[in-house]
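Please read all numbers here as calculations on a predicted model, not as lab measurements.
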Amino acid sequence: MDHASVTSGAAFKTAVRATAILLLILTLASVGAYFYLQREMLAALETQIGGDRLALAQIYREGGPQALVEVINDLRQPLGEKQRVIGLFDSQGNNLAGNISIPPNLAGWSTNHMTVRVFTSAADISETSNFYIHKDRIGSLTLVVGRSLEAVETQEARMIAAFVGLGGVMSAAFLLLGFAASLQTLRKLDSMATTLDRVSQGEVGARLPISAAQDQIDRVSQAINLHLDRLSVLMQTTRASAAAIAHDLRTPLSRAFLLIDSAQASLDAGGDARDLIDGIEAELRRLNSIFDAIMRISRLETAQADLRLTAVAVAPLLADLAETFAPLAEERGQSLTLLATPQALSVQGDAAMLAQLLANLIQNAINHCPAGTAIVLGAAPRAKGVALWVADSGPGIPAAERDKVFELFYRLDPNRTGGGNGLGMALVKAIATRLGAQIVLSDENPGLRVEVIFA
């Protein structure tokens, strides 16, 4: 696995950004906590130092300078703990008592790096440390009182170490989680790429794996699998259509070639070949009708421009169709009846397309129904629109086959020995879709009823 691909993943990049934000927040929080802790601990030291100053000032008021010197000198052993600073100086800056030799320069509160004398039973030694001190006048003398900042510095160091450790641990956790998530995503994407490559190589049954996590990639994989299923169906339909086209084109071509051979032989023998030439023309017309139907369906399905729909009067349209196809139905021993249609009934559509749609339905009923079949043409308003229909009392279409009749070159006869080219209903579907109408096939008991419903 290429780690560069993992670290370039969205999950890892998000983790890096989250880590940067976390570190920024921790930095701001640590700065705020640092100053808060420092302020609170210095306030505590000020309280302690203030208590010492008040006590020493009280001694000075009651006993004078000598009493103050004696008290400070009595504190030599406690001052050996090197946590406190007390110094008493005259007006010349000479040390009178305490554990520091030189007073600080600034009056009031200050932080100083100072050397103090640590008094022990063996010897006096010096220690240097940071102190928080207060310097002010007490009578003619200068009194310096302070406390060590060692505890404050220790707490500050511990707090900084805690924030640094917390930031390090959380950053490592974020980055590891981001790396793991990015790695998992990359594995899924690699699997998707492998599966799609298999599909592109012709393995149309390959599908993307779906994990139990049902994350975003799994949902995308499910959508891709759905599209692959549809693609598989389309490919199967395309293969079937290609086979049907080959069969439907081969038959008239073969007949045309046979007729050409026969015509050539007749002409060579000095005979009359006009009937054979008429047969050749009929077969070529059949070929041309197939190509014309395919092109019309293609244009309807791929048309991009909006169709200008107008109000089409239904009654005169149906009357023209009934008048045109009634003689043809009579020749086949069938009957075509037009039901009474309200004169004011109209639909939004295109008159030529609508006439072609209904003509195909009527022609389909005439071609596929036996003698004695009653064909009915009608229209009526419905609660949600207008319905135009062609119904017959013929053999009908099984319910399982009704959706398939709209496919290109589909025929109920698996041997494809019947008339027609299997394009009529496909053209009907294409026109209805273009006009925004719905087609419903239902059982007429017996026979078939085809309704075209306009909203």
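- Looking at Ser191, its side chain never comes within 3.5 Å of a backbone N or O of Arg187 through a donor-acceptor pair.
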May I have the step-by-step check of side-chain contact (heavy atoms from CB on, under 4.5 Å) for Ile210 and Asn225, ending in yes or no? CA-CA 10 Å; Ile210 308 296; Asn225 284 342; 3.9 Å; yes

side-chain contact (heavy atoms from CB on, under 4.5 Å) between Val312 and Asp350, intermediate numbers included: CA-CA 7 Å; Val312 179; Asp350 178 88; over 6 Å; no

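- For Ser30 (side chain) and Thr27 (main-chain N/O), a donor-acceptor pair under 3.5 Å exists by modelled atom type.
- To the nearest 0.5 Å, atom CG of residue Leu361 and atom CD1 of residue Ile375 are 11.0 Å apart.
- Interatomic distance, Ile86 CD1 to Ile133 CD1, rounded to the nearest 0.5 Å: 12.5 Å.
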Please evaluate residues Ser393 and Thr373 with respect to the criterion side-chain hydrogen bond (donor to acceptor under 3.5 Å, both in side chains), reporting the C-alpha separation (whole Å), side-chain torsions for both, the decisive distance (0.1 Å), and the verdict. CA-CA 5 Å; Ser393 59; Thr373 299; 4.7 Å; no

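- Formation of a donor-acceptor pair under 3.5 Å by the Gln334 side chain with backbone atoms of Cys369 is found in this model.
- Residues Gln222 and Asp218 have side chains that never bring a donor and an acceptor to within less than 3.5 angstrom of each other.
- For the residue pair Leu318 and Gly378, the shortest heavy atom distance occurs at CD1-C, 3.9 Å.
- Distance CG/Leu358 to CG/Leu321: 5.5 Å, rounded to 0.5 Å.
- The number of heavy-atom neighbours closer than 6.0 Å to CD of Glu40, taken from other residues, nucleotides and ligands shown, is above 12.
- In this structure, Asp392 CG and Ile366 CD1 are separated by 10.5 Å, a value rounded to the nearest 0.5 Å.
- Listed here is the closest heavy atom pair of Leu339 and Trp389: CD1-CZ2, 3.8 Å.
- Nearest heavy atoms, Ala319 versus Leu338: CA-CD2, 3.7 Å.
- The side chain to side chain contact (heavy atoms under 4.5 Å, CB included) test with Phe131 singles out one residue from Thr111, Asn112, Val116, and that residue is Val116.
- Between Ala374 and Ser335, the shortest heavy-atom contact is CA-OG, 3.5 Å.
- Once rounded to the nearest 0.5 Å, the distance linking CG of Leu357 with CD1 of Ile362 reads 10.0 Å.
- Using modelled atom types, no side-chain atom of Ser182 and backbone atom of Phe179 make a donor-acceptor pair closer than 3.5 Å.
- Note that the CG atom of Leu328 and the CG atom of Asn367 stand 7.5 Å from one another [nearest 0.5 Å].
- Using a 4.5 Å cut-off on side-chain heavy atoms (C-beta onward), Phe325 and Gln363 make contact.
- Residues Leu45 and Met41 form no side-chain contact, since every pair of their non-hydrogen atoms from C-beta on lies 4.5 Å or further apart.
- Although no hydrogens or angles enter the test, the distance criterion places a donor-acceptor pair under 3.5 Å between the side chain of Lys135 and the main chain of Pro104.
- The two atoms that bring Tyr34 and Glu156 nearest to each other are OH-OE1, 3.4 Å, heavy atoms only.
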Check the pair Asp136, Arg53 against side-chain contact (heavy atoms from CB on, under 4.5 Å), reporting the backbone distance first and the verdict last. CA-CA 10 Å; Asp136 64 352; Arg53 289 175 55 245; 2.8 Å; yes

Could you go through Tyr132 and Arg147, starting from their C-alpha distance and side-chain angles, then the distance that decides it, and tell me whether this counts as side-chain contact (heavy atoms from CB on, under 4.5 Å)? CA-CA 5 Å; Tyr132 189 54; Arg147 295 277 180 150; 5.6 Å; no

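- Nearest approach of Ala437 to Val452, heavy atoms of both residues: CB-CG1, 3.8 Å.
- A salt bridge links Asp52 and Arg84; the closest N-O separation between the charged side-chain nitrogens and carboxylate oxygens is under 4.0 Å.
- When side chains are defined from C-beta on, Gln356 does not count as touching Met353, because their heavy atoms never get closer than 4.5 Å.
- In this structure the side chain of Ile224 reaches within 4.5 angstrom of the side chain of Leu196, judged on heavy atoms.
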